[in-house]
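Worksheet: one structure, shown below.
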Amino acid sequence: MEKVDNLDRKILNIIMNNARTPSKDVAIVCGVSRAAIHQRIQRLIEMGVIVGSGYDVDPKKLGYNTCTYVGVKLEKGSMYRGVVADLESIPEVVECHFTTGPYSMLMKVFARDNQHLMELLNDRIQHIKGVTETETLISLEQSMNRQIKLETDDDAK
């Protein structure tokens with residue numbers, strides 16, 4: 001597999017901050033041609049370093065005002081895949097992680113309000129075969145949301 005070099009890391013840091021940054025602007029900052037930027041980005045996509053494309057949407061602007069993290073305990077850890085398949089039918093569940101620690105799974109859920117959250121938990125999530133317990137943590141405010149910053153040779157100077 002090809003390696004990610006210093007120029008790739010510079011490009012990634014720029015486009016992770018704003019994916020709509022024009023290639024010509026990225027090229028100026030990196031000191032290379034626009035064609036080189038385009039080729040590098042295409043190569044990073046093919047390598048699987050850059051995944052997906054699209055826009056981030058603010059759930060609050062769509063009426064989903066409650067962001068919640070839900071720890072889920074399973075009857076058996078081996079039931080994880082089946083539970084995930086059932087969770088995929090619940091659009092309000094936007095992330096799901098198989099974890100170590102006190103929970104088998106940790107999920108991120110958006111709800112319109114506390115009543116909607118209670119319905120999701122009591123009527124949907126807790127009825128999934130294998131789910132034995134849930135613990136809910138409501139996010140009061142998102143303080144940070146960022147991509148990982150990649151160190152470049154310029155940072156080491």
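The residues of the chain are indexed from 1 along the displayed sequence. Hydrogens, waters and symmetry mates are skipped; everything else that's a heavy atom, side chains included, is used.
- Of all non-hydrogen atoms in Glu75 and Met79, the two that sit nearest each other are CB-SD, 3.7 Å.
- Here the straight-line distance linking atom CD1 of Ile41 with atom CD1 of Ile15 works out to 4.5 Å at 0.5 Å rounding.
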*Full working for side-chain contact (heavy atoms from CB on, under 4.5 Å) between Glu119 and Gln115*: CA-CA 6 Å; Glu119 291 167 8; Gln115 179 65 36; 3.3 Å; yes

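- There is no path of hydrophobic side-chain contacts, each under 4.5 Å, that joins Tyr64 to Val70.
- Here Tyr69 contributes atom OH and Ile138 contributes atom CD1; the two are 12.5 Å apart, rounded to the nearest 0.5 Å.
- Between Met105 and Val83 there is a side-chain heavy-atom pair separated by less than 4.5 Å.
- When atom types are taken as modelled, the side chain of His127 and the backbone of Asn122 share a donor-acceptor pair closer than 3.5 angstrom.
- When hydrophobic clusters are built by joining Ile, Leu, Val, Met, Phe, Trp and Tyr residues whose side-chain heavy atoms come closer than 4.5 Å, directly or via intermediates, Val32 is grouped together with Ile45.
- The side-chain heavy atoms of Arg124 and Ser89, taken from C-beta on, include a pair separated by under 4.5 Å.
- The side-chain heavy atoms of Gln142 and Cys67, taken from C-beta on, include no pair separated by under 4.5 Å.
- Counting only heavy atoms from C-beta outward, the side chains of Ile11 and Cys30 approach each other to under 4.5 Å.
- Minimum interatomic distance between Ala111 and Leu120 (heavy atoms only, all atoms of both residues): CB-CD1, 4.1 Å.
- Checking Tyr103 against Glu135 by side-chain atom types alone, a donor-acceptor pair falls below 3.5 Å.
- Side chains of Gln126 and Thr134 form a contact here, defined as non-hydrogen atoms less than 4.5 Å apart.
- Looking at Asn6, its side chain does come within 3.5 Å of a backbone N or O of Asp153 through a donor-acceptor pair.
- The minimum heavy-atom distance linking Lys3 with Arg43 is given by the pair O-NH2, 3.2 Å.
- Nearest heavy-atom pair, Cys96 versus Leu87, reported as atom, atom and distance to 0.1 Å: SG-CD1, 4.0 Å.
- With a 4.5 Å cut-off on side-chain heavy atoms, Thr66 and Phe110 do not count as touching.
- No donor-acceptor pair closer than 3.5 Å links the side chain of Arg9 to the backbone N or O of Leu150.
- Judged purely by atom type and a 3.5 angstrom limit, Thr132 uses its side chain to pair as donor or acceptor with the backbone of Lys73.
- Using a cutoff of 4.0 Å between basic side-chain nitrogens and carboxylate oxygens, Arg40 and Asp8 are scored as salt-bridged.
- Taking both residues in full, the closest heavy atoms of Tyr80 and His97 are given as OH-C, 4.1 Å, listed atom of the first, atom of the second, then distance.
- Using a 4.5 Å heavy-atom cutoff, the side chains of Met107 and Thr68 are not in contact.
- Using a distance-only test at 3.5 Å, with no hydrogens or angles considered, a donor-acceptor pair links the side chain of Ser104 to the main chain of Leu74.
- Taking the side chain as every heavy atom from C-beta outward, Thr136 and Val109 never approach each other to under 4.5 Å.
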